[in-house]
Every structure is written in C-alpha cells, then in structure tokens.
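Encoded as structure tokens, the structure appears first; notes follow it.
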Amino acid sequence: MSDLYESSAARHVAHSSAYMYAQSLIMSFFGFIFWFYATKVASTTFVGEISALYLLSSFATTLLTFSIPSVAQRYIPIYEARGDKKASIFVARLLVGAGFIISASVWAFIFFLAAPFSSFFLKNAGLSYLIREFSFAVFFGLLSAFFSGLLVAHQKFKVYALINAAYYAGFYFGALIALNRGLGLSGVIEAWTIVNFIFLVLFAAASSKSLHGKSEKVPILGMLKYGLPLYASSLVSYGSSLVDRYAVLFLSTLGVLGVYNIAISSSGVITAFLGAAMSVTYPFLSGMFGKKGADSLKNVVRLSVRYLTLAFVPLALGASAISAPMLSLFGSGQYQTGALPLSTVLIFSALTLSGGIYANALLAKGKSHMILLASLASLAANVTLSVLLIKPFGMEGAAIGLSSSSIAYFVALSYYAEREGVFVFDVKATWKAWLSSAAMSVLVLLAELLLKGAIYIPVYIIIGAASWILLMRILKPLNSEDASIIEQIIPNRVKNPARIMLKIIVSAG
C-alpha cells in the first residue's frame, strides 16, 4: 500500500473531496426539495420557525462540542502518521467519553430551560413543549458529531460521506413526510429525532474499530493548550457566520428570517464545494506535518489555492447570475427578494476562498491562536455591520455583514500565513478565473433579459457553461502539466469526460 503522504497524496485529497462534495450535493438536493415544498404549503413564519430551530441545533452541534472532535482530528492523524496506534486509540476513547458527557449535559440544559429558549427562538414561551421535544433530537445529533469526528480523523471520508448523505436524505425526507401529513412543527421535530437516533447508531458502528485495542495514555495538556484557542476560535467563528441570522431574528420577524434563510441556505449548494475541500485538507495537512514537518505544507497549499480558484469562482459567479430565477421557484415569488443577498454572499465567498486553506495550514502547524485572532476580526466585522445595516437595508444589510466577516477572516489569515511561510497567491489563476467567470455571468444576465422566467434556467446554465469553456480556451489558465496532474487525481468514473474537457481547454492555440 502506498504511503498516504507520498505519491498518493494528491489523489487521496481529490477523491476525498469528491466524496465530501457529493454528500453535500445530496444534502442540498434533498434540502431543496424540502424547502421548496415547505414554502409552497406553509407560511414564511413557519419557514422562519424551522430556521430558528436550525440556529438552536447548530449552536449545540457547533459550539457545545467544545472543539474536541477538531482536536482529535489533528492529533489522531499525527499519531497514526508516526505509527503510534496506542496513542491514537487513547485519543479516540477520550473523544467518545467526552461526547457522552457533553451531549447529556446539553440535553438537560435545553430541556429544563425550554421556556426562555422558546421565547427567543420561536418568539412564544407557550411553545416550550416543542423545545423540550427538540432537545432529544439535539442530544442524538450532538453525540453523532463525536463519532463522525472519528471517521474524519482517520480520513475515512468515503464512509463518512455515504452515511452523511443517507442521513441528510432521511433528515429532509422525514420532515417532508411530516409536512405532507399535516403534522406541523411537532411532526417535523419527531421525524428529526428518529433520524438522528438511527444515524447515531450508524456512525457509532462505523467508527467503533478505532476504539478497539490497547491504548497508551498521552499528555493531555498539549491537547488542551491547542484546543482552548481553537474552541475560542470556533465560538467566534460561529458568531461571525451566523450572527447576521440572529440579528434578523432579533431585529425583525420570523417571516423575514424564513426568506433570508432560504436565500443564504441556497448558497450552500455552491459553498459546500469549499467546505468539502477544507474538511479533507485539515487532517491531511496535520498528518503531513506530523510525518514531514512544516516545509511540506506550502506545496499542498499552492495546489489547493490554484485549483480551487479555477473551480470555485465560475461556480459562485454563475450561481449568482441565476439567483433571481432560482429563488422565484420558492413559495409564490416572495422569496425572490433574497436574490441580492444570495449574490452578495456568493461573490465574497469566491473572493476570500483561500482563507480556509491558510487556516488549515496554520492549524496543522499548531497555530490555533492565530485562527482565534482572525475569527475575532471576522466576528467584529459581522456584528458591527449587521447591527448597523439590517434596519435600513434589511436582508441585504445582513448579507453585507456576513460577507464582511469572510473578508476580515481572509485578510487576517493571509497576514499570518505570510508570516508562517505558507501564504500562496496565484495571480495567473486568479485574474483568468475572474475574467472568464465575470464575462460568463454577463452573458447569462443578458440571456435572462431576453428569455424571462424560471423555465429557462436550463438554458441559462447551458449558455454559461458553453461561454465559460470558450473563455477558458482563449485565456488558457491551465497548461499541459496542470492537465496531467488533474488527470492523475480525478476519480476513474469521470476521467474520460474530464480528459475531453481538459483537452478542449488546454489544447488551444
């Protein structure tokens, strides 16, 4: 078997990213079906209530894990790369033990404080019984995060992606059945509770092998020192990524939150591409650091920035161009007002995409305090602009606040990455990706003016794809060496169409 951190490295990262993105697409597909149906049969207030429960759930599963899975996802790959299996098992058992204690505590916290939670999230203390029901779904979902974290730490991305894809299919399909039967919010919560329990069992079974065998205690102090600033960073990052939605919930109505959440959630189909790449490169870079040291990181960062720029920018700008007709599909047209916020978020995500790669490289080097400082800058930007702009500009003000957080995060991380020797900026890939994508977007927008209506969305996509390929052929951002690397790392199932695409783009001139 080839060494994970030798010749198979690029293939491993690319294939793992493909699995992660595939499960994200499945999640987005079933999410689209659910939200589409929900907006057709329920009010914007009901959609806002579900969005508010999402905020509560994400608060638990993101913040109340105390970043323990992320710590394990650094130390397990390091010990595995060094051949220290006993230490790896110890960290895995530590992760699971902490998971049980934390999940039970969070359940009790939400269950017994249901009234104030209901007043804030559902704007009605009389609905506290729903929050108590929801606490069980949170318990099972939170505990799942610890077991699934073991799969990520051991870089079992295919298994993780398959289970996660099935989970989200069940999560949204169960809620859709509840809506179809007229069971209301209580029915949706019950469906989520059942699905979360089933997939907790599946994640536990899939990750159980990493808990078997003899363990050897390793110093925990180093993990705590690494984890504390990382957790503080996750607190701040959570705030910087969702404070705009909390501000909308606090300053406006559940109906406005429902419309805004549909718009921002729609961007997840595209930004999931980045999330997949980031979740794979983090444990990989940690293992690379453990095996080869800091000098090995910059080349991975360089390739990641280059190819993600060329792949993500056209996706983001293309989706931005068709945001209005896409959102017109929801409800009776009232969700189309979220098109401008959606476009704003997508464009700034493309501008700042390399920030996450720099963050992973810095985390692999153990510089978690730098991520904390960058996250603080991100939170400050989002809070300030969201509070100032939501009242006068509504949802667009919230979107600007959210986008400002990614800009502040990117700027800070670029500075730290430069200081630590892992900063890479590919000028050629950047300007060619943006020029070709911007021109493509203009052509799509012109097509929308001529062919008005959501029915023409497939036509807009075809026009965008064809014009982007032509522009890439003219600008030639990829050379034969790039084509060779891409052919080596892409999955066999898509190798032939990818080879044809590469030949069209690279053979110009």
Side-chain angles (χ1 to χ4, degrees), residues 23 26-62 64-65 99-100 102-148 163-205 249 254-255 257-258 261-262 265:
Q23 66 94 16
I26 291 172
M27 175 188 72
S28 299
F29 172 74
F30 282 99
F32 174 85
I33 293 175
F34 169 72
W35 287 117
F36 178 81
Y37 184 76
T39 60
K40 294 295 185 182
V41 302
S43 66
T44 56
T45 298
F46 180 84
V47 174
E49 288 174 341
I50 296 180
S51 302
L53 289 180
Y54 162 78
L55 290 177
L56 175 57
S57 176
S58 65
F59 175 80
T61 55
T62 302
L64 299 182
T65 60
F100 276 101
I102 291 171
S103 299
S105 301
V106 171
W107 167 82
F109 181 67
I110 295 176
F111 187 88
F112 291 108
L113 293 177
F117 276 118
S118 180
S119 294
F120 180 78
F121 286 98
L122 300 180
K123 296 185 179 285
N124 186 350
L127 298 177
S128 58
Y129 70 95
L130 291 175
I131 298 296
R132 281 192 288 271
E133 289 180 15
F134 191 60
S135 67
F136 291 94
V138 172
F139 172 79
F140 296 133
L142 181 56
L143 189 53
S144 292
F146 287 88
F147 282 105
S148 63
I163 297 177
N164 228 30
Y167 165 72
Y168 281 109
F171 183 85
Y172 284 116
F173 191 65
L176 192 148
I177 292 174
L179 280 183
N180 187 53
R181 292 184 176 180
L183 300 178
L185 194 57
S186 181
V188 172
I189 291 171
E190 289 172 7
W192 286 346
T193 303
I194 294 170
V195 170
N196 282 3
F197 173 74
I198 292 172
F199 283 90
L200 166 61
V201 174
L202 289 177
F203 274 121
L249 175 62
L254 283 169
L257 175 64
N261 189 63
I262 289 291
S265 296

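The first residue in the sequence is number 1, and the count goes up from there. Just so it is clear, the values below take in all heavy atoms, side chains as well, and ignore hydrogens, waters and symmetry mates. What you see is a predicted model; the values in this text were computed from it and never measured.
- The heavy-atom pair separating F171 from V195 by the smallest distance is N-CG1, 3.7 Å.
- The aromatic rings of W107 and F136 sit tilted, their planes meeting at an angle between 30° and 60°.
- No donor-acceptor pair under 3.5 Å is formed between the side chain of S57 and the backbone N or O of L53.
- In F120, the CZ atom is crowded: over 12 heavy atoms of neighbouring residues, nucleotides or ligands sit closer than 6.0 Å.
- Taking all atoms of both residues into account, the shortest heavy-atom contact from F140 to T193 is CD1-O, 3.7 Å.
- The aromatic ring centres of Y172 and F30 sit 6.0 Å or more apart.
- Heavy atoms only, all atoms of each residue included: S118 and S128 are closest at OG-N, 3.4 Å.
- In this structure, A204 and F147 approach most closely via the heavy-atom pair CA-CD2, 3.6 Å.
- Using a 4.5 Å cut-off on side-chain heavy atoms (C-beta onward), F139 and V106 make no contact.
- Expressed to the nearest 0.5 Å, how far CZ of F46 lies from CG of L254 amounts to 11.5 Å.
- By the 6.0 Å contact criterion, CZ on F173 is open, its count of non-hydrogen atoms from other residues, nucleotides or ligands being 12 or less.
- Counting heavy atoms from C-beta outward, S51 and L55 have side chains that stay 4.5 Å or more apart.
- The CG atom of L127 lies 6.5 Å from the CD atom of E49; values are rounded to the nearest 0.5 Å.
- Between L183 and V188 the shortest side-chain heavy-atom distance does not fall below 4.5 Å.
- Side chains of E133 and S186: a donor-acceptor N/O pair is present below 3.5 angstrom, by distance only.
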